[in-house]
Protein chains: 2
Amino acid sequence: MSVEERAPLTRERVLAAAMRVVDAEGIKALTMRRLGAELGVEAMSLYHHLPGKEALLDGLADALIAEIQAEAALRVDAAGWKERLRQTFLAARVVMLRHPWAPGMLGARTTVPARLFAYYDGIVGTMTGGGLSHRLAHRAVHAFGTMALGFTQELFRPEAAGGAADVDAAEADLTAMAAALPHLTAMVAAEAHDAADPVLGWCDGQTEFEFTLALILDGLERGAAGQR
Amino acid sequence: MSVEERAPLTRERVLAAAMRVVDAEGIKALTMRRLGAELGVEAMSLYHHLPGKEALLDGLADALIAEIQAEAALRVDAAGWKERLRQTFLAARVVMLRHPWAPGMLGARTTVPARLFAYYDGIVGTMTGGGLSHRLAHRAVHAFGTMALGFTQELFRPEAAGGAADVDAAEADLTAMAAALPHLTAMVAAEAHDAADPVLGWCDGQTEFEFTLALILDGLERGAAGQR
DNA sequence: ACCTGAACACCGTTCAAGT
DNA sequence: ACCTGAACACCGTTCAAGT
């Protein structure tokens, strides 16, 4: 189907095709047979360029880290460690928003993409270069958690396929919900009221991401002041 | 194999058996056929008590939240919102350490376990009851992220099956690594030196968990003071 | 009503055979 | 060296049949 159908297969072409499939159809669609079809080839041919499905996913994870590094290189231009980290993590978030399948895929992985070490090395270097101790830099890496990859771990993010019937049912016993979940109901009522702009309003990911980021960065800054 | 082999199948017995299988053999071992065998029954019989595999995993997630709630009920006895949250999240962590498969399983889930709403309702109630605004409580819920479920999202946690050959290979070009990853190498050297007790030493999860928890709780407390 | 056996439509992967 | 077709050992799930 694609232009380069007749070109010889390489590891790079296989990974590029995998990225295309997964961006267009999601991670579940990425089967060896489907990927073979994308390249105009039998599934078995892929094994000459990658040892198996695990290696394919490893390669995909690695390609994603590379894209995050590239995006950060384009954007990070500040001098201070705090602002540099902020820019780094916001760049990572942009990449993750381009690939909605990525958080779940990375979370399910048990092996470390080789490129991740180099990526984190740069982050640690930014902190120690800014005067943070190795101990505080170490703690910071853990505190940021998945933030360095562009997402706070929002478990159970809402699905694209919403059930209209469920919404109706939910509305029907909204009063029952208010009784069972008084604090959540009150919070939604108070917060939704303030959300004039739907993009910046209720549970907007960007707002929450930046709040958490600032919270942790400010806390580290205070810790860095205390360590002297 | 089990004592209750002849008792009639119920949804509860199926879920209890699933929890047994997954605790003993991991999430990959949980197939409909394997679960049937655990109960001395054909795989197809399970469909009379659960609609399918998705519902089985939903049930497992729900049972896990229930266990977290029960553990918290046993332990949380403080008066202030800050200490109550600290105890709540440490209780959740204990449950997660009992079920190492749980973080990955919850992270892969796309639907929300019903019980999670009630669990978060209690957490929000603790904060608003302590004087935090709905806005700050909302931001806090996002900032805590998976901490309420007992884990910071440590992507790529080390596997149980370690490759000795890989360790040897890694040692062989340790100098090469030091050149390629100078900041990480320096951090490991500095931090590992201080780690007299291996349990409390390098990358101990409990230490990192409590550091991040305190960082966020302190930041919220400051935010709560600022909101008046 | 509950459980079964055979079958269906998929997977990842092995292997002998082609070119 | 690279690709193929058939096959193997699995999955979740359907369905007609048993009791």
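Chain A is the first sequence line, chain B the second, and so forth, proteins listed ahead of strands; every chain is numbered from 1. Keep in mind that this is a model prediction, so the values were computed, not measured.
- Between B:Tyr47 and D:dT13, a side-chain N or O to OP1/OP2 separation shorter than 4.0 Å is present.
- Checking each of A:Phe209, A:Phe89, A:Tyr120, A:Phe151 against A:Phe144 for a ring pair (Phe, Tyr, Trp, His ring centres under 6.0 Å) leaves exactly one that passes, namely A:Phe89.
- Partners of B:His142 by ring-ring contact (aromatic ring centres under 6.0 Å, His included), not counting sequence neighbours, listed by chain and number: B:His138.
- One atom, CD of B:Glu54, and another, P of D:dC11, lie 17 Å apart when rounded to the nearest Å.
- Taking the nucleotide of DNA chain D with the nearest heavy atom to each of A:Arg33 and A:Val41, the more 5' of the two is matched to A:Val41.
- To the nearest angstrom, C1' of D:dC10 lies 16 Å from CE of B:Met32.
- Atom NZ of B:Lys28 and atom C1' of D:dC10 are 11 Å apart (whole Å).
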Could you write out DNA chain D as a dot-bracket string, with dots for unpaired bases, | for bases paired across to another strand, and Watson-Crick or G-U pairs counted at under 3.5 Å? ||.|||||...|||||.||
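- Using a cut-off of 4.0 Å between Lys/Arg side-chain N and Asp/Glu carboxylate O, B:Glu210 and B:Arg86 are scored as salt-bridged.
- Residues B:Asp58 and B:Arg109 are paired through a salt bridge, judged by an N-O separation under 4.0 Å between the basic side chain and the carboxylate.
- Taking atom CG on A:Leu56 and atom P on C:dC11, their separation rounds to 14 Å, with Å as the unit.
- Residue-level contact check: B:Ser45 touches the bases, meaning some heavy atom is under 4.0 Å from a base atom.
- OP1 or OP2 of D:dC3 sits under 4.0 Å from a side-chain N or O of A:His49.
- In this model, a side-chain donor or acceptor of B:His48 finds a partner on the base of C:dC3 within 3.5 Å.
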Please evaluate residues A:His99 and A:Glu67 with respect to the criterion side-chain hydrogen bond (donor to acceptor under 3.5 Å, both in side chains), reporting the C-alpha separation (whole Å), side-chain torsions for both, the decisive distance (0.1 Å), and the verdict. CA-CA 11 Å; A:His99 305 291; A:Glu67 193 176 329; 3.0 Å; yes
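- When the P atom of D:dA16 is taken as reference, atom CE of B:Met44 falls 16 Å away, rounded to whole Å.
- Closest approach of B:Gly205 to B:Arg93, counting heavy atoms only: C-NH2, 3.2 Å.
- Note: CD (B:Glu42) to P (D:dG18) measures 17 Å, nearest angstrom.
- Computed from coordinates, the B:Leu39 CG to C:dC3 P distance equals 10 Å when rounded to whole Å.
- Remark: C1' of D:dC11 and NZ of B:Lys53 are 8 Å apart, rounded to the nearest angstrom.
- A:Glu25 and A:Arg20 are not joined by a salt bridge, as no carboxylate oxygen comes within less than 4.0 angstrom of a charged side-chain nitrogen.
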